[in-house]
Number of protein chains: 2
Amino acid sequence: MSLPRIAIDAMGGDEGVRVMVEGAALARRSHDNFKFLLVGDQAQIEAALEAHPGMRDASEILHCDDVISGDEQPSKAIRRAKTTSMGLAVNAVKAGAAGAAVSAGNTGALMAMSKIALRTMPGIDRPALAAILPTLEPHDVVMLDLGANTEADARNLVQYAVMGAAYSRIVTGFEKPKVRLLNIGTEEIKGTGALRDAAALLTQACARDEGGLALDFDGFVESDKINRGETHVVVTDGFSGNIALKAIEGSARFVTDLLKHAFASSIRSKVGFLVSRPATELLRHHLDPNNHNGAVFLGLNGVVVKSHGSATAKGVANAVTVAARLLEDKLTQRIAYDLSELGEAAFKKNGSGSPDSAGEAAA
Amino acid sequence: MSLPRIAIDAMGGDEGVRVMVEGAALARRSHDNFKFLLVGDQAQIEAALEAHPGMRDASEILHCDDVISGDEQPSKAIRRAKTTSMGLAVNAVKAGAAGAAVSAGNTGALMAMSKIALRTMPGIDRPALAAILPTLEPHDVVMLDLGANTEADARNLVQYAVMGAAYSRIVTGFEKPKVRLLNIGTEEIKGTGALRDAAALLTQACARDEGGLALDFDGFVESDKINRGETHVVVTDGFSGNIALKAIEGSARFVTDLLKHAFASSIRSKVGFLVSRPATELLRHHLDPNNHNGAVFLGLNGVVVKSHGSATAKGVANAVTVAARLLEDKLTQRIAYDLSELGEAAFKKNGSGSPDSAGEAAA
């Protein structure tokens with residue numbers, strides 16, 4: 001089966017065209033059915049492609065001069081959707097010229113452009129930004145929303161749960177991913193009204209005998225348990241999700257910085273470091289964000305993947321592979337199907353659990 | 001100067017009476033002016049005191065049979081304020097029989113009992129739970145609110161800033177601690193209305209030529225920077241603060257667990273671990289929560305310190321020392337003074353920045 005091609009914003013990201021092209025080529029090494037639309041400065045792209053002849057044949061170049069800068073306001077950036085590499089990559093998905101877009105540029109601008117160009121799916125009020133985090137178990141955990149929206153009501157959270165489960169199913173292979181809502185305690189009375197209402201809606205929807213949601217709602221989770229691997233999906237509003245994600249990243253960096261200082265503190269420690277290098281390399285590999293690169297905007301009519309601005313070629317390859325897997329496994333159709341199940345299971349069959357009343361209770 | 005004595009809930013915490021008494025004795029070793037009111041089962045306390053004769057002379061015992069359990073609902077627990085070790089310790093502060101209370105028991109129950117017994121200070125709408133976290137710099141960072149209240153408006157956040165600065169001044173010695181609001185970005189337009197309004201109020205209050213706040217408001221901080229040591233105080237609502245704190249703790253544990261696995265993965269790594277043990281011990285010391293034990297309820301008419309349920313005697317000693325320092329440095333008077341400055345600087349002299357309108361804008 002031929003895969004729809006992937007549009008790459010070749011100009012976004014701190015590392016330049018070379019890394020984006022090299023990353024795409026790297027992804028293609030294990031998936032030679034990948035095809036690309038490379039958007040950006042033609043001369044720079046051609047130069048980067050010289051090192052990857054197989055990639056050259058699998059790619060079309062769409063030239064443009066204009067680039068969205070990293071610190072640009074999204075509200076300004078969207079005016080240049082038709083002239084910039086980011087805007088043209090996203091619009092290629094809208095026009096059907098590509099199945100997915102990958103960019104390492106300005107997150108806010110990418111989100112705004114994607115929303116305008118692709119619109120939210122039927123049944124989704126707001127898209128969400130989802131990422132994959134490592135756990136102590138062999139499977140990763142999907143967390144969303146990471147900041148697409150500052151606030152979320154119960155209805156938004158339920159939709160995030162459905163979208164996160166669809167994403168998790170694709171990356172973990174579990175047919176019924178375990179989903180929990182991020183909260184400041186696990187007792188039913190904890191947290192905001194929106195969280196409690198979302199928990200009630202999800203419990204109802206999962207308790208149905210037949211049909212029902214293809215996920216296993218498992219209550220609340222506290223943020224010190226995100227990395228334990230006890231759940232496949234962690235659902236939260238964009239503010240808390242962003243706080244949790246960055247706190248995890250910052251704390252991991254803090255510990256590894258302390259470790260570096262400690263290893264450098266004496267000759268004995270330096271020797272110990274050299275001897276135990278395979279162990280610390282294992283740690284470094286596990287924590288390397290490039291191994292989990294590729295945050296996804298869920299809930300749009302099309303697949304858009306955000307690569308870290310500072311990702312290496314390996315990181316970009318991961319982001320491209322994520323985009324390809326979401327295309328292959330028809331992410332958007334899966335979400336649409338689950339939403340229709342949800343419509344029957346939770347919203348329509350229960351007056352008090354209707355979307356409107358849930359939204360009001362959370363407001 | 002004789003220090004008011006410290007009431008110790010000897011029965012709270014997972015480790016029992018012995019650890020609470022030993023912790024208090026340990027704190028007294030470097031501060032022999034500390035005096036205690038030990039609240040709980042007299043026979044158990046007497047038995048624990050046998051190992052610490054100097055401590056015996058500095059302590060009075062207040063006997064009671066009843067104990068608040070770790071999983072008890074705060075709403076139930078408060079009914080037994082007059083019969084339980086936790087309730088009696090807090091009430092000793094109210095009655096003036098002690099200057100501060102320390103408990104390792106149920107956080108929610110302690111918070112509820114403290115609020116009822118001690119009431120919030122004049123000028124404070126809601127108390128906040130504050131903790132000290134390690135940073136890469138020599139000074140620690142104070143973070144609040146960690147969950148005393150689920151939601152906070154702009155006025156609450158400004159009051160948290162004043163209380164956090166007063167606390168930081170005592171633990172770091174900086175006269176004008178640097179204060180930042182936790183947000184999902186550092187640009188002015190980021191985050192909720194409450195955060196933006198609080199930032200505007202604090203900016204105004206700090207910009208005055210004379211008088212004004214004894215703190216340096218420095219804008220927003222993202223949660224990956226909490227441990228960098230760039231700021232002395234991080235102010236946030238209780239929901240986000242709890243999420244950030246637990247994410248930091250969970251991520252640090254995740255990394256050290258990975259490290260343990262990695263070191264155990266081969267004989268070479270095990271040897272390396274033994275050689276580099278001084279380095280890993282240094283890391284362990286830095287991350288040991290006992291070295292930062294003692295969360296404080298700020299904004300009450302009295303000092304209440306929460307010790308970790310699983311704290312060792314060293315941890316309890318730290319919590320007791322925190323309580324003593326807050327008494328010595330007259331925390332509540334300092335907060336009251338700063339609040340009166342704030343009243344002049346921000347709320348009263350500016351119509352649009354008045355408490356009421358700030359509260360409404362954030363709602």
Side-chain angles (χ1 to χ4, degrees), chain A residues 73 108 134-136 147 150-151 182-185 187 189-192 222-228 236 238-240 242-259 261-266 268-283 286-287, chain B residues 73 108 134-136 147 150-151 182-185 187 189-192 222-228 236 238-240 242-259 261-266 268-283 286-287:
Chain A
Q73 292 289 346
T135 74
L136 287 178
T150 306
E151 284 158 295
L182 188 66
N183 201 345
I184 59 174
E187 304 89 344
I189 54 148
K190 288 281 182 177
T192 60
E222 292 179 85
S223 61
D224 56 347
K225 301 285 183 356
I226 295 170
N227 291 112
R228 303 316 283 179
T236 177
F239 191 89
S240 305
N242 195 285
I243 295 283
L245 177 72
K246 287 178 184 158
I248 288 172
E249 290 173 350
S251 180
R253 200 177 322 126
F254 175 62
V255 175
T256 49
D257 283 355
L258 285 179
L259 198 65
H261 286 300
F263 274 130
S265 64
S266 73
R268 178 175 162 177
S269 302
K270 281 179 195 161
V271 171
F273 173 75
L274 289 176
V275 175
S276 53
R277 180 163 270 177
T280 51
E281 282 300 316
L282 210 67
L283 179 72
H286 211 99
L287 293 177
Chain B
Q73 292 288 347
T135 74
L136 287 177
T150 307
E151 284 158 295
L182 188 65
N183 202 346
I184 58 174
E187 304 88 344
I189 54 146
K190 287 282 182 178
T192 61
E222 293 178 84
S223 61
D224 55 345
K225 301 284 181 0
I226 294 170
N227 290 113
R228 302 316 283 180
T236 177
F239 190 90
S240 306
N242 195 284
I243 295 282
L245 177 70
K246 287 179 184 159
I248 287 171
E249 290 173 349
S251 179
R253 200 177 323 126
F254 175 63
V255 175
T256 48
D257 283 355
L258 285 179
L259 199 63
H261 286 301
F263 274 130
S265 64
S266 72
R268 178 175 163 177
S269 300
K270 282 179 195 163
V271 171
F273 174 74
L274 289 176
V275 175
S276 53
R277 181 163 266 179
T280 51
E281 282 301 316
L282 210 66
L283 178 71
H286 211 98
L287 292 179

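Computed from a predicted structure; not experimentally measured. Numbered from 1 within each chain, the chains take letters A, B, ... in sequence-line order.
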Legend entry - Proximity breakdown for A/T135 and chain B, heavy-atom pairs closer than 4.5 Å: backbone
Inset, instruction - Kindly say whether A/I248 contributes a backbone atom to a donor-acceptor pair with the side chain of A/S251 at under 3.5 angstrom? - result: no
Inset, instruction - Select one option (side chain, backbone, both, neither) describing which atoms of A/I226 are under 4.5 Å from chain B's heavy atoms. - result: neither
Inset, instruction - Determine the option with the most heavy-atom pairs under 4.5 angstrom with chain A, choosing from B/A252, B/A264, B/G147, B/S266. - result: B/A252
Inset, instruction - Can you measure from CG (A/L182) to CD (A/E222) and round to the nearest 0.5 angstrom? - result: 9.0 Å
Inset, instruction - Mind ranking B/D257, B/N227, B/T150 by heavy-atom pairs under 4.5 Å with chain A and telling me who comes out on top? - result: B/N227
Legend entry - Distance in Å, A/F239 CZ paired with B/T236 OG1, rounded so as to fall on 0.5 Å steps: 6.0 Å
Inset, instruction - Please report the closest heavy-atom contact between A/A247 and B/A247, naming both atoms and the distance. - result: CB-CB, 3.7 Å
Legend entry - Spacing of CD1 belonging to A/I184 relative to CG belonging to B/N242, to within rounding of 0.5 Å: 5.0 Å
Legend entry - chain B interface, residue from A/T192, A/I243, A/N183 that has the most non-hydrogen pairs under 4.5 Å: A/I243
Legend entry - Structural part of A/Q73 lying under 4.5 Å from a heavy atom of chain B: side chain
Legend entry - Which atoms of A/L245 approach chain B - backbone, side chain, both or neither, heavy atom under 4.5 Å: neither
Inset, instruction - Return the set of residues passing side chain to side chain donor-acceptor pair (under 3.5 Å) with B/S240 (not counting sequence neighbours), or none when no residue passes. - result: B/D237
Legend entry - Winner by heavy-atom pair count (cut-off under 4.5 Å) against chain A, out of B/K225, B/E187, B/R228: B/R228
Legend entry - Residue among A/E151, A/K246, A/H261 with most heavy-atom pairs under 4.5 Å to chain B: A/K246
Inset, instruction - Output the option from B/G185, B/P134, B/G108 having the highest count of non-hydrogen pairs under 4.5 Å with chain A. - result: B/P134
Inset, instruction - Would you please name every residue forming a side chain to side chain donor-acceptor pair (under 3.5 Å) with A/K190, sequence neighbours left out? - result: none
